[in-house]
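Structure, as structure tokens:
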Amino acid sequence: MKKLAVFVSGGGTNLQAIIDAVAAQTLTNVEIAAVFSSSRKAYALERAAKARIPSFCYVPKEYENNDLFTEAILEKLKELNIDLIALAGYMVVLSPKIVREFQNRVINIHPSLIPAFCGKGNYGIHVHENALARGVKLAGATTHLIDDGTDTGPIVMQKAIPVLDDDTPETLQKRVMAECEHIILPQTIQLMADERLSVEGHRVRIIDNTR
Ligand code: GAR
């Protein structure tokens, strides 16, 4: 059983999708051991409490510098013996030190088909504003492993849906969350928990363990 920490900053619908998948046993071999929030006001904290998952707040501006912030998080991750990290709407760039310690064990969900609409400034609703402004016909979500860049790590899964003529950023965001993010994030965590990812450069292959 792998111990998972879920990092959040806001509403926590992706956290909820993971909680629901574990409860429904469609996601197995994983225990959600902790929720780490970058905000004390995140609704995700209520979701964690309701599911009786311990939560911890590490708010960047409450620390003198980024090194102290990083050390505090690392210490707690080690104390809890965390194996895997899922960034689920986490709006803070994870320090390279944590990325190094958890190499190929940190997954992020991004609300676009990377390499479109990713990187600096492309987060949350802005991704969908930019996608509609550019007039794309397909939207979607991507799970990727974390490296030292922003949204540049090896892609694990992607799921696409059509953009509708009357979509607004809000309607598109809602469908991408429900029809893409909340499906591929638990599926990706399952692959990580079962150690089925083989990473070569930027290419990730899923190991078939049924043979
Ligand atoms: C989700 O759409 C997630 O993909 C996005 O923020 C939202 C958080 O929603 N993440 C990013 O934009 C990261 N670059 P949630 O708190 O309801 O899961």
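Each ligand, and each atom within it, is numbered from 1 in the order the structure gives. Everything quoted here is computed from the prediction, not taken from an experiment.
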Q: Report the relative orientation of the aromatic rings in F56 and F36; use parallel for angles under 30°, tilted for 30 to 60°, perpendicular for over 60°.
A: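 The arrangement is tilted - the two ring planes meet at 30° to 60°.
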Q: Please say whether G12 places an N or O atom under 3.5 Å from an N or O atom belonging to ligand 1.
A: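 So ligand 1 has an N or O lying under 3.5 Å from an N or O of G12.
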For ligand 1, which atoms sit closer than 4.0 Å to a heavy atom of [X]?
| X | value |
| --- | --- |
| I109 | 4 (O), 10 (N) |
| H110 | 14 (N) |
| G89 | 6 (O), 8 (C), 10 (N) |
| M91 | 6 (O), 10 (N), 11 (C), 12 (O) |
| G124 | 11 (C), 12 (O) |
| Y123 | 12 (O), 14 (N) |
| E181 | 1 (C), 2 (O), 3 (C), 4 (O) |
| G11 | 16 (O), 17 (O) |

Q: With the side chain counted from C-beta on, respond yes when D20 and Q16 share a heavy-atom pair under 4.5 Å apart, and no when they do not.
A: yes
(Q) Regarding S39 and S9, do their side chains bring together a donor and an acceptor under 3.5 Å, going by distance alone? (A) no
Q) Does a donor on one side chain and an acceptor on the other come within less than 3.5 Å for N122 and N130? A)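 Looking only at side-chain atoms, N130 and N122 do form a donor-acceptor pair, the distance falling under 3.5 Å.
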Among [options], whose side chain to side chain contact (heavy atoms under 4.5 Å, CB included) with [X] holds?
| X | options | value |
| --- | --- | --- |
| K97 | I73, N66, T70 | T70 |
| R47 | T13, V8, V6 | T13 |
| L164 | I161, D166, T168 | D166 |

(Q) If you apply the rule salt bridge (charged side-chain N to carboxylate O under 4.0 Å, His left out), what do you find for K159 with E179, and how did you get there? (A) CA-CA 8 Å; K159 190 165 189 285; E179 295 174 31; 5.9 Å; no
Q. Is it the side chain, the backbone, both or neither of Q173 that has a heavy atom closer than 4.0 Å to ligand 1?
A. neither
Q. Does ligand 1 have an atom that lies less than 4.0 angstrom from a heavy atom of V8?
A. no
Q.
Please determine whether any non-hydrogen atom of H126 lies less than 4.0 Å from an atom of ligand 1.
A.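 It does not, in that no heavy atom of H126 comes within the 4.0 Å cut-off of ligand 1.
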Q) Short question: side chain of E181, backbone of H110 - any donor-acceptor pair under 3.5 Å? A)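 Side chain of E181 to backbone of H110, a donor-acceptor pair under 3.5 Å: no, none is there.
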Q: Could you find the nearest protein heavy atom to atom 7 (C) of ligand 1 and give me its residue, atom name and distance?
A: M177 CE, 4.0 Å
